[in-house]
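Only heavy atoms go into these numbers, but all of them, side chains included; no hydrogens, no water, no symmetry mates. Here the structure is a predicted model, which means the values were calculated and not measured.
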Amino acid sequence: MRVPLFLVDIIIPAILILLILQQSNGKTVRDVTFGSIFKFINVAYQVRLHSHDIKYGSGSGQQSVTGVEGSDDVNSHWLVKGTSPSGGKRGEPIPCGSKIRLEHSSSSKNLHSHHFGAPLSNHHQEISAYGSDGVGDSGDCWVVICKGNSRTWKRDESVELKHIDTDVYLGVSGRTFSRPIAGQFEIVGLKHPMEGSQWETAEGIFIHPTELHHSTHSHTEL
């Protein structure tokens, strides 16, 4: 069956435009960028950073942060942003060593730590979700520590997050909770980098610029 000429005139340019856009996007798609929303997976334990409207029964009493094994929970989405309203331009690649905040998308609270013992592993530090409408305090600020020779945070490379106020590393203790969050993993602040302190981006929407400076994004299944 022959394709009508008028359809060829429409289809071929459309394919060329798609290929050009893919090549353009491919230059920056590996970078994690400010304004991206993603799930954050722990390399050693293969659990995703998670939060929900359940408060700790001890320590600070703030909203709990845990690790979950499932990949389809909407409460595992986090928005990466700068540490001030003017910091971290949307779509800009995040340099290694940058100071960032992670805002929990469902509750608009920030990933937070402070000098409270973790609920199950008191020798580690508590990690919570804190603030309102994305506004918290200095305990929400973290430094991105890259591995290898990368200059920017890459989607396919592991990083560590170091808490600025207390110098602990975001990690997983390996212990799990009972009810009401049975089976979820304890997220803690570790005094030193170790197994459980390495993280990678997983499913998400990654904002990135193009040569034409149009707003665009690359995404994986959420």
Side-chain angles (χ1 to χ4, degrees), residues 37-70 73-85 87-88 98-145 159-199 201-202:
I37 299 174
F38 53 81
K39 295 177 182 176
F40 210 27
I41 189 168
N42 186 271
V43 176
Y45 291 92
Q46 290 297 294
V47 294
R48 286 163 174 78
L49 191 67
H50 180 87
S51 191
H52 36 228
D53 190 19
I54 298 175
K55 294 179 172 56
Y56 287 125
S58 61
S60 69
Q62 293 176 2
Q63 182 169 300
S64 58
V65 172
T66 62
V68 296
E69 294 178 311
D73 196 315
V74 296
N75 285 319
S76 300
H77 291 125
W78 299 85
L79 165 69
V80 60
K81 57 189 183 180
T83 55
S84 67
S98 292
K99 298 177 181 180
I100 66 162
R101 292 173 295 163
L102 288 178
E103 180 182 327
H104 185 237
S105 295
S106 299
S107 65
S108 297
K109 295 180 183 295
N110 295 324
L111 186 70
H112 182 88
S113 194
H114 38 217
H115 290 294
F116 284 95
L120 302 180
S121 307
N122 197 255
H123 57 292
H124 294 316
Q125 193 162 291
E126 180 188 277
I127 303 294
S128 65
Y130 174 77
S132 178
D133 295 325
V135 179
D137 62 22
S138 64
D140 306 337
C141 301
W142 303 79
V143 173
V144 178
I145 301 175
V159 297
E160 291 172 335
L161 293 187
K162 186 176 183 180
H163 191 240
I164 293 175
D165 279 1
T166 64
D167 291 331
V168 296
Y169 294 80
L170 182 69
V172 180
S173 70
R175 302 185 67 177
T176 57
F177 291 94
S178 55
R179 295 182 64 184
I181 48 177
Q184 295 187 18
F185 282 71
E186 182 187 38
I187 301 297
V188 299
L190 301 169
K191 293 179 181 178
H192 307 285
M194 59 180 70
E195 183 183 30
S197 65
Q198 298 284 324
W199 298 84
T201 60

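- How far CD1 of I181 is from OG1 of T66: 5.5 Å, rounded to the nearest 0.5 Å.
- A donor-acceptor pair is defined here as one N or O able to donate and one able to accept, closer than 3.5 Å; such a pair exists between the side chain of H104 and the backbone of N75.
- Considering only residues two or more places apart in sequence or on other chains, Y130 meets the ring-ring contact (aromatic ring centres under 6.0 Å, His included) condition with H112.
- Between the side chains of T166 and H114, no donor-acceptor pair of N or O atoms lies under 3.5 Å.
- L102 CG to S51 OG: the interatomic distance, rounded to the nearest 0.5 Å, is 12.0 Å.
- In terms of the side-chain contact (heavy atoms from CB on, under 4.5 Å) criterion, V135 has no residue partners (sequence neighbours excluded).
- When the side-chain hydrogen bond (donor to acceptor under 3.5 Å, both in side chains) test is applied to Q62, the partners found at least two apart in sequence or on another chain are S128.
- For Y56, there are no ring-ring contact (aromatic ring centres under 6.0 Å, His included) partners, not counting sequence neighbours.
- Partners of T201 according to the side-chain hydrogen bond (donor to acceptor under 3.5 Å, both in side chains) rule, which considers only residues two or more places apart in sequence or in another chain, do not exist here.
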Sequence neighbours excluded and cut-off under 3.5 Å, please list the side-chain donor-acceptor pairs for residues 188-195, or say none.
none

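- Sorted by first and then second residue, the salt bridge (Lys or Arg N to Asp or Glu O under 4.0 Å) pairs with a member in residues 43-54 read R48-E203, D53-K55; sequence neighbours excluded.
- Summarising the geometry, atom CD1 belonging to I127 is positioned 3.5 Å from atom OG belonging to S113; distances are rounded to the nearest 0.5 Å.
- Here the shortest heavy-atom pairing between Q63 and S107 reads NE2-OG, 3.1 Å.
- The distance from the CD1 atom of I41 to the CD atom of E69 is 10.0 Å, given to the nearest 0.5 Å.
- Distance check: D137 CG to R101 CZ gives 10.5 Å after rounding to the nearest 0.5 Å.
- When all heavy atoms of S76 and H50 are compared, the pair lying nearest together is OG-ND1, 3.0 Å.
- Here salt bridge (Lys or Arg N to Asp or Glu O under 4.0 Å) pairs that include residues 112-129, with residues two or more places apart or in two chains, number zero.
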In residues 168-180, what donor-acceptor pairs under 3.5 Å come from side-chain atoms, sequence neighbours left out?
from, atom 1, to, atom 2, distance (Å)
S173, OG, R175, N, 3.2
S173, OG, E186, OE1, 2.6
R175, NH1, L120, O, 2.4

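- No option in V80, I164, L111 other than V80 meets the side chain to side chain contact (heavy atoms under 4.5 Å, CB included) test with I100.
- For E103, the side-chain hydrogen bond (donor to acceptor under 3.5 Å, both in side chains) partners two or more places apart in sequence, or in a different chain, are K81.
- The side-chain hydrogen bond (donor to acceptor under 3.5 Å, both in side chains) check on S138 picks up D165, with sequence neighbours excluded.
- Put simply, CZ on F116 and CD on Q125 are 10.0 Å apart, with the number rounded to the nearest 0.5 Å.
- The backbone N or O of F40 sits nowhere less than 3.5 Å from a side-chain atom of W78 that would complete a donor-acceptor pair.
- A side-chain donor-acceptor contact under 3.5 Å links N42 to the backbone of G196.
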